[in-house]
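Data first, discussion second: the structure below is written as structure tokens.
All values reported here derive from a predicted model rather than from experimental measurement. Note on naming: letters A, B, ... go to the chains in the order of the sequence lines (proteins, then strands), and numbering restarts at 1 for each one.
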Amino acid sequence: MTATLETFSKELEAVTTTAALRELRSKYTGKKGILTEQLKKLPALAPHERAAFGKQINDDKVYIEERLKEYEKQLISKEIKAKLSSAPLDITLPGCYKKPGGRHPVTIVLAEITDIFVSMGFTIEEGPEVESDYYNFEALNIPRNHPARDMQDTFYIETTDDGQSGDNSFVLRTHTSPVQIRVMQDRRPPLRFIAPGKVYRCDSDISHSPMFHQVEGLVVDRNISFSNLKGLLEGFLKKVFGPEVPVRLRPSFFPFTEPSAEVDMGCYFCKGSGCRVCKGTGWIEIMGAGMVDPRVFRNVGYDTDTYSGFAFGMGIERIASLKYGIDDIRLYYEGDLRFLRQF
Amino acid sequence: MLISYNWLKEYIDFNSSPEDVADLLTMSGLEVESYKKQEDGDVILELNITPNRADCLSVTGVARDVSAVLKKRLILPEIKDFYNTVGANRFKVEILDTNLCHRYCGIVIHGVKTALAPEWMAQRLQASGIRPINNIVDITNYVLMEYGQPLHAFDLSKLKGDRIIVRRAERPELITTLDAVQRTVPAGTLLICDAEGPVALAGVMGGEGTAVTAATTDILLESAWFDPASIRITSKQTALRSESSFRFERQTDINGVKNAALRAASLILAHCGGRVSEVVDNYPTPYSAPQIPLSHKRVQSFLGVQIAEDEIDGILSRLEFKVERQDGNDIVSPPSFRSDIELEADLIEEIARIYGYNNIPSVMPEVSLAINNVSDKHSKLSELRQALRYAGFTETINYSFTTKEDFALLDITAGDERRNSVTVKNPLQKDYNILRTSLLPSLLKNMKYNISFGAKEVSIYEISTVFFDTGKGFPQESLKLAVLSYSSGEKKLYTEPAAHFYRIKGLLEPILSSLRCVNYELRQSNEGFLENGQSAVLLIGGDSAGFLGLLSSETVARLDIKAGRPEIGLIEIYLDRIITPQKVSLGYKPFLKYPSIERDLAIVVNETCQSCDIVNLIKNELSDPEHLIESVEIFDHYKGKNIPEGKKSIAYHIVYRSATQTLLESEIDTLHAEIVNHIITKTGGSLRA
Ligand SMILES: [Zn+2]
């Protein structure tokens with residue numbers, strides 16, 4: 001090792017700051033640095049000595065630069081560390097981010113139901129929320145002046161071209177079943193779809209809301225039977241509420257299905273032993289369903305000898321209420337963040 | 001309908017417990033909603049009878065169904081006819097409208113004595129929810145509950161001219177009904193009249209003048225069949241609903257008309273004394289049962305279960321359907337009390353419900369696959385919800401109903417399309433009688449609600465349909481998104497990165513790009529309820545598709561929020577103008593391989609000068625004919641110290657790159673200088689020192 005390097009090494013050891021390091025660098029490799037000065041002696045040397053001398057200086061330079069670079073890295077990291085540890089953060093302060101908003105329970109349940117049916121090849125269809133009397137009632141075999149109209153308390157729409165009420169009267173749809181008619185008028189079987197959306201009933205209390213959400217489903221194909229309806233709905237309910245949930249169908253009445261069924265599932269809360277929610281029966285009404293009434297097929301021009309089908313409908317708020325234990329339907333429409341942020 | 005277990009038991013030879021009967025009824029279509037044990041050991045079942053099952057609106061009707069399910073014998077009371085005791089045919093029944101009245105049976109009884117009904121009868125009526133009045137009226141109600149046939153007793157002495165005339169009102173006519181209300185009924189209403197005028201609203205309510213009183217000794221007992229729709233119309237028009245009208249509008253058993261009258265007459269003779277003087281049965285429109293073909297094969301394929309032929313026929317027979325075999329299939333005639341049975345499908349339902357839905361297997365459908373045209377609207381909407389959620393916004397859903405006060409709240413003036421609201425004829429709340437044309441008032445209401453619970457910040461949105469009256473036919477429905485972000489202005493832990501307007505603009509921009517909406521423009525908005533200079537209208541293809549901005553300070557003041565410096569940012573856009581079915585084609589462009597040259601530019605301009613105008617000047621065709629500018633980015637926007645009053649400084653970072661060669665610094669220096677000059681000339685600005 002040359003004397004230059006020995007001095008350099010000693011001096012380097014004494015350096016503790018990056019500023020001092022910069023000074024040391026310029027002292028050796030700067031424009032007026034030691035190495036530059038040494039190089040100036042070169043012309044004075046004998047020609048045969050020059051090569052060796054030049055190489056020596058160059059080697060020293062490379063060595064010095066490398067040592068400096070290495071040491072500089074260490075110093076910087078030491079300095080950063082010193083700075084950070086001198087002002088430590090309170091790491092328990094919250095992270096800076098936007099807290100995600102709440103999802104609406106109706107949207108969650110609707111998405112879950114939609115996913116299940118889409119996975120089975122169902123499409124999603126829509127229709128208007130203000131419907132004509134024809135689509136909401138007549139085409140679904142609910143004639144005027146028939147007691148079946150009492151099953152759904154209806155909101156009527158004021159029309160400006162009154163005087164010709166009759167078939168021109170409009171209602172807020174009382175169910176999403178009119179979408180059945182609209183799709184069947186438009187397409188031929190096979191059909192497999194669900195129709196989600198808002199529906200309206202002229203009724204309001206702790207368990208009834210003047211507006212709520214429904215999903216209607218329809219399957220039309222060759223050889224569709226009542227036992228298929230049972231199979232599909234049982235499978236669906238077990239997917240939503242768990243594989244253990246008992247499901248039963250019992251006879252009921254809907255003007256647009258025949259045979260019609262009310263679909264019950266074992267009470268979620270008491271597991272069948274009877275409680276307030278299931279009025280002691282151990283069962284909870286969860287859906288309406290049935291084989292499409294031939295009168296409905298006739299209204300849309302489907303051949304009832306070739307095709308059969310089934311329809312089903314369910315209230316989304318009802319399913320959400322059971323799943324999440326929500327006991328007042330008004331909570332869904334108040335926009336209360338204390339409620340909505342829980343989802 | 002309330003029904004006593006002990007009463008029901010009288011008609012069936014069985015010993016099932018009340019619980020078992022309740023379960024059996026529920027599982028065969030007559031849902032038992034509740035059952036209550038009585039002190040006397042009886043059990044009252046509350047049945048929910050669906051509108052198609054008029055035949056079960058009576059104790060014997062329910063018993064008939066139970067007997068069919070249990071295969072037990074039905075035991076009905078013996079009905080005695082009175083032909084032998086009837087005298088001369090003095091009393092006349094004239095049916096002038098045989099379309100609306102198919103049958104009218106009248107029994108004249110003389111010498112009755114009104115009193116209280118026997119205790120057991122009064123108890124059964126009470127158990128069925130009917131208030132006992134006197135023995136005559138109670139007996140008509142008892143038979144109504146027993147057979148489902150409504151009856152009416154007139155005080156014979158008050159009927160003029162020894163006759164009943166069944167006719168429609170020719171013009172609006174007056175009648176005082178049993179409830180002591182004088183009513184005018186419209187022309188066409190079916191009326192029961194004596195020689196002088198109306199004595200009852202057919203099927204709905206009797207008249208006050210001919211009612212049975214304590215002084216009554218002679219009566220006319222009425223049992224008839226009226227057209228269901230006609231009774232329903234009268235009941236709706238008069239807002240009178242009775243046990244009678246309820247049954248008539250669901251259709252009564254025309255063949256049971258006389259039996260019920262005879263049954264009531266027997267009970268009257270037994271409990272009120274008197275003698276039957278006349279039985280008049282005017283039956284001009286005889287019942288004919290439909291003949292419905294039924295294929296056993298179809299029953300099996302439709303239900304998906306192999307039910308034996310004998311079992312099918314057995315079920316139908318137990319339900320009192322007539323079954324005839326023809327070429328291996330059935331021809332089925334339903335009994336007169338089953339007017340709901342018209343088609344094969346109706347028969348199949350009867351078979352299925354007695355066979356038991358539980359006994360039908362559950363099998364997944366086998367279906368034909370098809371390629372469906374699926375719109376991506378739903379996946380786009382769920383992406384949108386996801387984006388809003390992670391931006392901190394909570395979804396709300398509000399009623400579609402609202403009030404006209406919304407217009408005043410947002411200063412929406414006449415002529416604005418949002419005034420063309422759709423009106424609901426029969427709202428639940430008088431003022432809430434229109435459908436929304438804007439979602440913002442609902443969100444403002446949600447906001448106030450949450451503030452009342454102490455919320456300092458409210459970030460909410462709603463995606464819902466709005467409705468516009470088109471003046472004709474269907475209203476126009478549109479899907480809207482509305483967003484509201486409220487902050488009380490109180491100090492927070494970390495400072496917001498930008499002013500409120502830029503935060504909501506920064507919410508809208510990624511929404512639009514995630515919905516693949518690129519050709520939009522934002523311009524100054526002139527919505528009255530938005531703060532001037534802090535709001536913008538969203539233009540797509542030149543048409544307005546919504547707006548965003550801060551609620552004007554006047555409107556905020558009107559909302560009366562108890563907060564220091566409340567700020568309310570709003571967005572409302574038409575989603576169906578943004579989510580369009582057009583396909584966006586994606587494609588890859590290779591990156592340019594030549595190095596870029598970068599230059600910064602800081603310019604001081606008038607405060608009113610818009611940043612995007614300067615960008616347009618930079619990207620100008622004239623100044624950059626060879627398209628060497630790759631990107632222009634704003635990195636500073638500043639007003640205040642060191643900048644003169646009324647001016648601002650904006651700084652841009654410009655990247656130059658050629659597609660064909662390596663650029664020379666000198667080349668770009670020239671181009672950049674030209675651009676700077678161009679901007680200074682056009683804006684009257686100066687380079688920032
Ligand atoms: Zn329960």
Side-chain angles (χ1 to χ4, degrees), chain A residues 96 98-104 106-107 111 121 123-124 128-130 145 147-148 150-151 155-158 160-161 190 192 202 204 210-211 219 221 223-228 230-232 234-235 248-253 258-259 261 279 291 293-294 308 332-338 340-341, chain B residues 26-29 34 50-52 229 232-233 249-250 301-305 343 345-346 348-349 352-353 357 360-365 367-368 370 372 374 378 389-400 422-426 428 446 449-450 455 459-460 465 467 471-472 474-475 477 494:
Chain A
C96 178
K98 279 275 181 209
K99 219 171 166 187
R103 295 178 295 165
H104 199 285
V106 165
T107 304
T123 58
I124 304 167
E129 292 176 35
V130 172
N145 298 320
D150 292 346
M151 293 170 82
F155 284 113
Y156 294 92
I157 295 298
E158 233 166 65
T160 33
D161 59 344
R192 197 151 75 248
C202 199
S204 182
M211 181 187 93
V219 174
D221 209 328
N223 305 318
I224 294 292
S225 71
F226 189 83
S227 102
N228 293 153
K230 276 189 78 174
L232 186 94
E234 277 177 23
R248 72 174 190 189
L249 273 72
R250 57 186 166 81
S252 188
F253 170 70
E258 191 83 26
K279 291 188 206 150
M291 301 298 289
D293 194 301
S308 53
Y332 292 103
Y333 315 106
E334 281 169 342
D336 192 329
L337 290 171
R338 296 170 304 175
L340 295 168
R341 295 207 68 126
Chain B
T26 295
M27 292 312 287
S28 62
S34 70
T50 53
N52 58 326
R232 185 174 163 84
I233 291 166
E249 68 180 47
R250 280 161 177 72
S301 67
F302 202 74
L303 295 178
V305 64
L343 305 178
D346 303 330
I348 294 175
E349 178 174 70
R353 73 180 182 90
Y357 283 9
I360 296 172
S362 302
V363 180
M364 271 288 188
V367 295
S368 339
N372 296 306
V374 182
H378 294 276
R389 180 175 183 221
Y390 286 106
F393 287 79
T394 295
E395 184 180 18
T396 66
I397 299 178
N398 290 285
Y399 292 132
S400 298
V422 171
T423 307
V424 178
K425 267 186 199 164
N426 54 333
L428 278 178
N446 293 151
Y449 189 70
N450 281 293
S459 299
I460 49 177
T465 305
F467 306 81
K472 215 178 166 194
F474 282 92
E477 297 186 13
Y494 302 119

Report which part of [X] has an atom under 4.5 Å of a heavy atom belonging to chain A: side chain, backbone, both, or neither.
X	value
Arg389(B)	both
Thr423(B)	both
Phe467(B)	side chain
Val422(B)	side chain
Tyr494(B)	side chain
Ala229(B)	both
Asn450(B)	side chain

Out of [options], return the one with the most heavy atom pairs under 4.5 angstrom to chain B.
options	result
Pro210(A), Ala148(A), Cys202(A), Pro251(A)	Pro251(A)
Gly335(A), Gly102(A), Ser204(A)	Gly102(A)
Ser225(A), Ser308(A), Gly235(A), Gly121(A)	Ser225(A)
Ile224(A), Leu337(A), Ile124(A)	Leu337(A)

Side-chain contact, heavy-atom cut-off 4.5 Å: [X] with [Y]?
X	Y	answer
Tyr449(B)	Asp336(A)	yes
Arg353(B)	Pro259(A)	no
Met364(B)	Leu232(A)	yes

Nearest 0.5 angstrom please: [X] [atom1] to [Y] [atom2], how far?
X	Y	atom1	atom2	answer
Ser400(B)	Met211(A)	OG	CE	5.0 Å
Glu349(B)	Ser252(A)	CD	OG	8.5 Å
Ile360(B)	Phe226(A)	CD1	CZ	5.0 Å
Leu303(B)	Ser227(A)	CG	OG	9.0 Å
Arg250(A)	Thr26(B)	CZ	OG1	6.5 Å
His104(A)	Ile460(B)	NE2	CD1	11.0 Å

Donor-acceptor contact present, side-chain [X] to main-chain [Y], <3.5 Å:
X	Y	answer
Glu477(B)	Val130(A)	yes
Asp346(B)	Glu258(A)	no
Arg192(A)	Ser368(B)	yes
Asp221(A)	Val367(B)	no

Out of [options], which one racks up the most heavy-atom pairs below 4.5 Å with chain A?
options	result
Leu343(B), Val424(B), Thr394(B), Thr50(B)	Thr394(B)
Ser34(B), Ser459(B), Ala370(B), Ala391(B)	Ala391(B)
Gly29(B), Gly304(B), Pro51(B)	Pro51(B)
Val363(B), Thr396(B), Asn398(B)	Val363(B)

[X] versus chain B, the contacting section by heavy-atom distance below 4.5 Å:
X	answer
Pro190(A)	side chain
Lys279(A)	side chain
Phe155(A)	both
Ala261(A)	both
Glu129(A)	both
Pro294(A)	side chain

Which pair of heavy atoms, one from [X] and one from [Y], lies closest together, and at what distance?
X	Y	result
Pro147(A)	Arg232(B)	CA-NH1, 3.5 Å
Leu340(A)	Glu395(B)	CD1-O, 3.4 Å
Lys98(A)	Gly392(B)	CB-N, 4.5 Å

Around atom CG of Asn223(A), are there more than 12 heavy atoms from other residues, nucleotides or ligands closer than 6.0 Å?
no

